[in-house]
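Below is one structure, written out as structure tokens; the observations come after it.
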Amino acid sequence: MQRVNDIAGITLGELAAQYQFKTPEHLLKEKGWPGQLLEYVLGASAGSKPVPDFELLGIELKSLPIGYNGKPLETTYVTTVPLTGLTGATFHDSNVKKKLAHVLWLPVLAERALQPIDRIIGSGFLWQPNTDQINQLQRDWEEQIELIALGKIEQISGHLGEVMQIRPKAANSKALTDVIGPHGKLTKTLPRGFYLKTKFTQQILTEHFQG
DNA sequence: ATTTGATCATTC
DNA sequence: GAATGATCAAAT
């Protein structure tokens with residue numbers, strides 16, 4: 001947290017310069033750059049291993065793009081949606097619950113008009129979901145996972161879920177992976193991910209900075 | 001080929 | 001303008 005507090009207020013460009021990290025002109029082809037820079041600087045176990053960013057602390061790092069109004073500009077990716085082997089799956093054992101058990105939120109002023117290097121790092125904070133938030137996530141998880149388990153994934157779109165939605169998460173719209181089909185047989189579909197709606201992350205910001 | 005880091009861009 | 005759907009690079 002000391003390192004987090006040390007970088008609050010400076011720009012991504014200044015931080016990248018200090019660590020001799022590359023600085024793209026735009027994020028058209030390096031969409032993950034802000035997160036990768038922050039992981040590197042804060043000492044998160046690099047790479048794309050399916051474990052928490054700070055493995056020994058069990059803490060997940062999430063950068064959160066916000067606008068001049070302080071509100072989130074984008075939904076927040078959580079994890080891949082399991083599309084097979086859902087028999088007996090429960091929210092309690094889900095990757096969603098594990099990922100969100102302990103999060104280091106790091107807001108970044110990231111208006112699109114600002115070049116990536118001019119985006120300003122905000123005040124990061126540790127967060128754990130409260131009972132209400134757990135319950136909201138569980139309801140959304142169960143509703144949507146049930147549809148998938150019943151072979152109805154094609155009925156799922158981004159409008160489902162009160163605070164957490166399922167959307168494509170793939171190289172492109174032609175990528176395919178296994179899924180439970182309408183008649184219980186495996187078929188193919190676009191890989192999906194769970195995303196937190198901005199309503200939810202905004203609530204987290206509000207309760208931290210005003211609560 | 002998949003997961004993680006997300007943001008871009010079109011649609012509503 | 002917000003939300004959904006599409007997409008990109010690195011790491012494994």
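Proteins get letters first, then strands, A, B, ... in listed order; numbering begins at 1 in each.
If you check every strand for non-hydrogen atoms under 4.0 Å, A:Gly32 touches a base. Within 4.0 Å of A:Ala175, counting heavy atoms only, lies no atom of the nucleic acid at all. Residue contacts for A:Thr75: at a heavy-atom cut-off of 4.0 Å it reaches a base atom on one of the strands shown. Residue A:Leu190 is in sugar-phosphate contact alone, with no base atom involved, counting any heavy-atom pair closer than 4.0 Å across all strands shown. A:Pro65 comes within 4.0 angstrom of sugar-phosphate atoms only, judged by non-hydrogen atoms across all strands, and of no base.
Using the six-membered ring where Trp is involved, A:Trp141 and A:Phe91 have ring planes that are perpendicular, over 60° apart on the 30 and 60° scheme. Relative ring orientation between A:Tyr40 and A:Phe21 is described as tilted, the plane-to-plane angle lying within the 30° to 60° band.
The side chain of A:Gln36 lies closest to B:dG5, out of B:dG5, B:dT7, C:dT7. Closest to the side chain of A:Gln165, from the set B:dT4, C:dT4, C:dT7, is C:dT4. Between B:dT7, B:dT2, B:dT4, one nucleotide has an atom nearer to the side chain of A:Thr177 than all others, and that is B:dT2.
A donor N or O paired with an acceptor N or O is found under 3.5 Å between the base of B:dA9 and the side-chain atoms of A:Arg112.
Counting to the nearest Å, the P atom of C:dG5 and the NZ atom of A:Lys197 are 10 Å from each other.
Mapping A:Ser173 and A:Thr198 onto DNA chain C by nearest heavy atom places A:Thr198 closer to the 5' end of the strand.
Residue A:Thr80 has no polar side-chain atom (N or O) positioned under 4.0 Å from OP1 or OP2 of B:dT2. For A:Thr79, no side-chain nitrogen or oxygen approaches OP1 or OP2 of B:dT3 to under 4.0 Å.
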